[in-house]
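These values consider heavy atoms only, across backbone and side chains, with no hydrogens, waters or symmetry-generated copies. As the structure lists them, so they are numbered: ligands from 1, and atoms in each ligand from 1.
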Amino acid sequence: MTQTLDRSTSEVTDRVESWVSAFQDALSARDVSAAVSLFADECYWRDLVSFTWNIATVEGTDEVADLLTTVLDRIDPTGFAVDGEPTSADGVDEAWLTFDTAVGRGTGHVRLKDGKAWTLLTTLDELKGHEENQRERRPFGTEHGANPDRVTWKESREAEAEELGYSRQPEVVIIGGGQGGIALAARLRQLGVPAIIVERNERPGDSWRKRYKSLALHDPVWYDHLPYIPFPDNWPVFAPKDKLGDWLEMYTRVMEINYWGSTFAESAEFDEAEGRWTVKVTRDRGDGPEEVVLRPRQLVFAMGVSGKPNKPEFPGMERFRGVIQHSSEHPGPAGYEDKKIVVIGSNNSAFDICGAAWEAGSDITMVQRSSTHIIKSDTLMELALGGLYSEEAVRNGVTTRTADLTFASLPYRIMADFQRPAYDEAKVRDKEFYDQLRAAGFDLDFGDDESGLFMKYLRRGSGYYIDVGAAQLVADGKVKLVNGQVQEFTETGVKLTDGTELEADLVVLATGYRSMITSVADIIGEDMASRVGKVWGLGSDTTKDPGPWEGEQRNMWKPTQQQNLWFHGGNLHQSRHYSLYLSLQLKARQEGIDTPVYKLAESHHAE
Ligand SMILES: Cc1cc2nc3c(=O)[nH]c(=O)nc-3n(C[C@H](O)[C@H](O)[C@H](O)COP(=O)(O)OP(=O)(O)OC[C@H]3O[C@@H](n4cnc5c(N)ncnc54)[C@H](O)[C@@H]3O)c2cc1C
């Protein structure tokens with residue numbers, strides 16, 4: 001048995017190593033056709049910054065050839081080598097790789113089918129000569145000896161906070177100080193890129209604190225770590241919102257982030273000749289608002305992937321005698337304990353709001369306007385996330401970095417195929433639950449191609465509920481369900497197009513958000529915003545994600561149609577992982593490293 005294993009392991013290793021050495025030989029010889037011949041007809045090469053100075057996936061051998069022909073000379077890849085033990089399953093060999101480029105060091109991952117590359121991931125880890133000050137390179141922290149002009153750590157931090165943005169301009173301004181902006185700022189600080197976060201809320205973490213009181217993260221702790229400081233081992237599986245808020249505040253402080261709270265970004269204009277932005281902000285340091293003009297070279301929007309609240313206008317809203325709130329304005333059910341609430345919508349926020357209102361004793365009706373995907377939280381954790389992000393994964397030696405890179409190694413074009421089996425299994429495992437929901441009249445879906453939650457998230461960022469209990473209330477009729485479209489408001493409630501009238505003291509519009517670009521347009525102007533275009537989505541040509549195919553998330557973490565303008569955000573996993581690649585792109589530009597972008601994505605949709 002041992003002998004068989006040893007032989008097959010060494011066969012896999014031999015296969016992978018011979019592919020890697022042939023690949024490196026072809027790259028070194030600048031022999032594009034030899035390199036391309038190592039790829040299968042169906043192949044995907046996903047690059048995070050290392051070859052393309054972009055986040056891009058090329059598909060098929062013609063596109064691989066084009067990429068190599070364009071970038072090979074200037075990227076000068078060397079030292080491709082296998083890192084660790086390759087594995088093999090279902091006819092696919094897999095291995096981690098390391099390599100160098102002219103300016104950096106990278107990590108890669110390859111999947112071989114019949115000895116040819118099916119998927120290849122290449123990522124930039126660090127820039128040579130600009131490595132983070134970690135481990136052996138960590139700062140000393142003090143100055144031994146005697147120095148009458150000694151400046152303490154605290155004094156130098158205070159001086160920096162005083163001068164940055166006033167007598168010295170930051171390289172980067174990040175608008176939005178939620179988890180996204182904070183993770184990026186932490187990385188930039190480690191790379192020595194002066195940055196300021198501009199945040200309209202007072203304190204880091206407020207974007208979570210200000211949400212309704214029952215909110216806890218929907219993703220488990222293993223998925224949520226921030227860069228550099230993982231959550232401790234006693235951290236709850238699902239962080240309650242205020243606890244997460246406190247963590248972000250602590251993190252901001254200890255990571256020494258220049259965080260301008262109570263600061264509103266008003267406008268930003270780009271001066272082409274100077275290559276700098278003029279960002280006008282209103283800052284309140286406790287003694288009243290002052291206008292400050294910042295002149296960064298790079299501007300990052302981290303204002304949340306959701307843009308402005310999508311607030312539909314219905315006839316008769318003005319005559320309604322009750323209260324109308326968008327879900328983003330809804331503080332919770334207090335004051336409506338024995339009253340009638342109608343929630344328009346049937347996705348995450350709608351369910352959370354209905355659940356909290358039912359617990360408070362309100363009479364609550366959900367109006368479902370279109371089908372929704374529901375997946376039970378424990379099912380999601382077990383079937384979709386558990387292999388990479390769970391206590392078991394940790395026990396199996398899967399680090400957060402390995403998990404993130406493994407996830408990143410799956411090209412978006414075929415990701416749905418990897419996702420679908422988990423949801424097929426969920427349909428069987430939770431059949432009774434889904435049957436009950438359907439019997440209650442709930443219109444369920446699993447995505448346009450049955451690929452479930454994560455694909456919906458990546459494509460449109462909406463249309464689902466991770467069930468943490470409220471779906472059962474609908475199934476049991478404790479939250480009343482009505483299917484239909486709102487026609488108008490009456491004095492006492494809402495009337496649907498089929499004539500159904502629903503009485504309400506409070507109507508909550510859980511009708512979602514528009515694209516991030518809609519909020520950004522208020523700051524950069526409509527012209528620039530429409531040139532940059534829609535943010536988020538893959539161009540999958542599924543509901544709310546119009547084609548053409550992009551292969552990557554639109555405009556996220558990569559160069560856009562506006563020079564020196566960037567977008568950052570996503571869930572905690574994406575913020576953690578992609579902040580690395582965005583920070584390296586910004587660092588390279590600060591250092592004047594040549595960063596020609598391969599295949600800058602075109603903009604096809606204004607919003
Ligand atoms: C019920 C619910 C559960 C969720 N569960 C999870 C989960 O489990 N995991 C997860 O990762 N995500 C979850 N999310 C999504 C979560 O909201 C986002 O992941 C997260 O907020 C994104 O962080 P961000 O930093 O990109 O954006 P935000 O947290 O939205 O931060 C953007 C910041 O920009 C600021 N801002 C906007 N305009 C300006 C301006 N002009 N000037 C200055 N500042 C400005 C805002 O005040 C805000 O603080 C959940 C959301 C909800 C509603």
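- Checked against a 3.5 angstrom limit, the closest N/O atoms of His568 and ligand 1 fall outside it.
- A distance of 10.0 Å separates CE in Met250 from CE in Met255, rounded to the nearest 0.5 Å.
- Using cut-offs of 30° and 60° on the angle between ring planes, the pair Tyr581 and His577 is perpendicular.
- Those atoms of ligand 1 that come under 4.0 Å of a heavy atom in Asp352, given as number and element, are 1 (C).
- In terms of polar-atom proximity, Asp224 is not counted as a contact of ligand 1, lacking any N or O under 3.5 Å from an N or O of the ligand.
- Taking a cutoff of 4.0 Å between a charged side-chain nitrogen and a carboxylate oxygen, Arg459 and Asp448 do not qualify as a salt bridge.
- Shown in contact with Phe264 at under 4.0 Å from a heavy atom are these atoms of ligand 1, numbered in order with element: 40 (C), 41 (N), 42 (N).
- For the residue pair Thr263 / Arg200, no side-chain donor-acceptor distance below 3.5 Å is found, with atom types taken as modelled.
- Partner of Asp404 under the side-chain hydrogen bond (donor to acceptor under 3.5 Å, both in side chains) criterion, out of Tyr389, Tyr578, Tyr223: Tyr389 alone.
- Among Gly304, Ser575, Ser262, the residue whose heavy atom lies closest to atom 30 (O) of ligand 1 is Gly304.
- An N or O contact shorter than 3.5 Å is missing between Ser349 and ligand 1 by distance.
- Under a 4.0 Å criterion applied to the non-hydrogen atoms of Gly569, ligand 1 contributes the atoms 26 (O).
- Between Glu199 and ligand 1, at least one pair of N/O atoms sits closer than 3.5 Å.
- Checked against a 3.5 angstrom limit, the closest N/O atoms of Gly180 and ligand 1 fall inside it.
- Contact atoms of ligand 1 toward Asp219: 7 (C), 8 (O), 9 (N), 10 (C), 11 (O) (distance under 4.0 Å to a heavy atom of the residue).
- In this structure, Tyr223 has no heavy atom closer than 4.0 Å to ligand 1.
- Contact record, Ile55 with Met556: CD1-O, 4.3 Å, taken as the closest heavy-atom pair.
- Looking at Arg211 next to ligand 1, an N or O pair under 3.5 Å apart turns up.
- Backbone and side-chain nitrogen or oxygen atoms of Leu572 are examined, and one is located within less than 3.5 angstrom of a nitrogen or oxygen of ligand 1.
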